[in-house]
Amino acid sequence: VIFSQGSTWVQQRRITLRILRDFGFGKSTTEEAVSAEVSRFLRYLQTFEEKPVNMQGKFNLPILNVLWTFTAGQQYDYGDHRLQNIIQRVNEVVKVLDAGRASSLLHITLPKWVFRLLPTFLDRNIT
């Protein structure tokens, strides 16, 4: 959907929306899950009491948790290293897509051993 346009984009959008509806998006259960996650996120923010909080990336936590609940059927605590790892990887993908170099997406999706075996693959210099 991200890289498509025109009639291809319309078709992929329809399919994506249909799949999301099958997962429950747009139904009252979705609203309940989002509402519960917002409450949980507010409790998390209250743990910082009166201290200043760096909000950069903090809103990714509840968003990813709701999506993960619908797709994988589980939730993560906000301090869980696995959730932080997922968010880091999503941020890497967004940076690559923002840079406009689609080949850079391979840097994220290919296993690390490929780059160890071929250190200059895709102009990536690993020594």
| message | Suppose the criterion is salt bridge (Lys or Arg N to Asp or Glu O under 4.0 Å): which pairs have a residue in residues 48-77, not counting sequence neighbours? | response | Arg40-Asp77

| query | Looking only at heavy atoms, which two atoms of Tyr76 and Ile86 are closest? And how far apart? | reply | CE1-CD1, 3.9 Å

| request: Return yes when atom CZ of Phe48 has more than 12 non-hydrogen atoms of other residues, nucleotides or ligands closer than 6.0 Å, and no otherwise. | output: yes

| message | side-chain contact (heavy atoms from CB on, under 4.5 Å), that's the test. Do Asn85 and Arg89 meet it? Break it down for me. | response | CA-CA 6 Å; Asn85 187 25; Arg89 289 174 186 258; 3.3 Å; yes

| Which distance, rounded to the nearest 0.5 Å, do you find between the CG of Leu64 and the CD of Gln75? | 11.0 Å

| query | Please, which pairs that meet salt bridge (Lys or Arg N to Asp or Glu O under 4.0 Å) have at least one residue in residues 59-76, sequence neighbours excluded? | reply | none

| message | Check whether Thr16 reaches the backbone of Gln12 with its side chain - one donor and one acceptor, N or O, closer than 3.5 Å. | response | yes

| task | Using the test side-chain contact (heavy atoms from CB on, under 4.5 Å), find all partners of Ile63 that sit at least two apart in sequence or belong to another chain. | result | Leu67

| said: Can you list everything that forms a side-chain contact (heavy atoms from CB on, under 4.5 Å) with Gln11? Sequence neighbours excluded, please. | reply: none

| message | Go through it in stages, so that I can follow the logic: the residues are Glu37 and Leu61, the test is side-chain contact (heavy atoms from CB on, under 4.5 Å), and I'd like the CA-CA distance, side-chain angles, deciding distance and then a yes or no. | response | CA-CA 10 Å; Glu37 192 64 35; Leu61 299 168; over 6 Å; no

| message | So, using salt bridge (Lys or Arg N to Asp or Glu O under 4.0 Å) as the criterion, who are the partners of Arg82 when residues are at least two apart? | response | Asp80

| Just wondering, do Gln74 and Trp68 contact through their side chains at under 4.5 Å, heavy atoms? | yes

| field | Partner residues of Leu17 under the side-chain contact (heavy atoms from CB on, under 4.5 Å) criterion, sequence neighbours left out | value | Arg13, Arg21

| query | With a 4.5 Å limit on heavy-atom distance, are the side chains of Leu83 and Ile87 in contact? | reply | yes

| field | Side chains of Pro62 and Tyr78 in contact at under 4.5 Å (non-hydrogen atoms) | value | yes

| Do Asn65 and Phe41 have side-chain heavy atoms sitting under 4.5 Å apart? | no

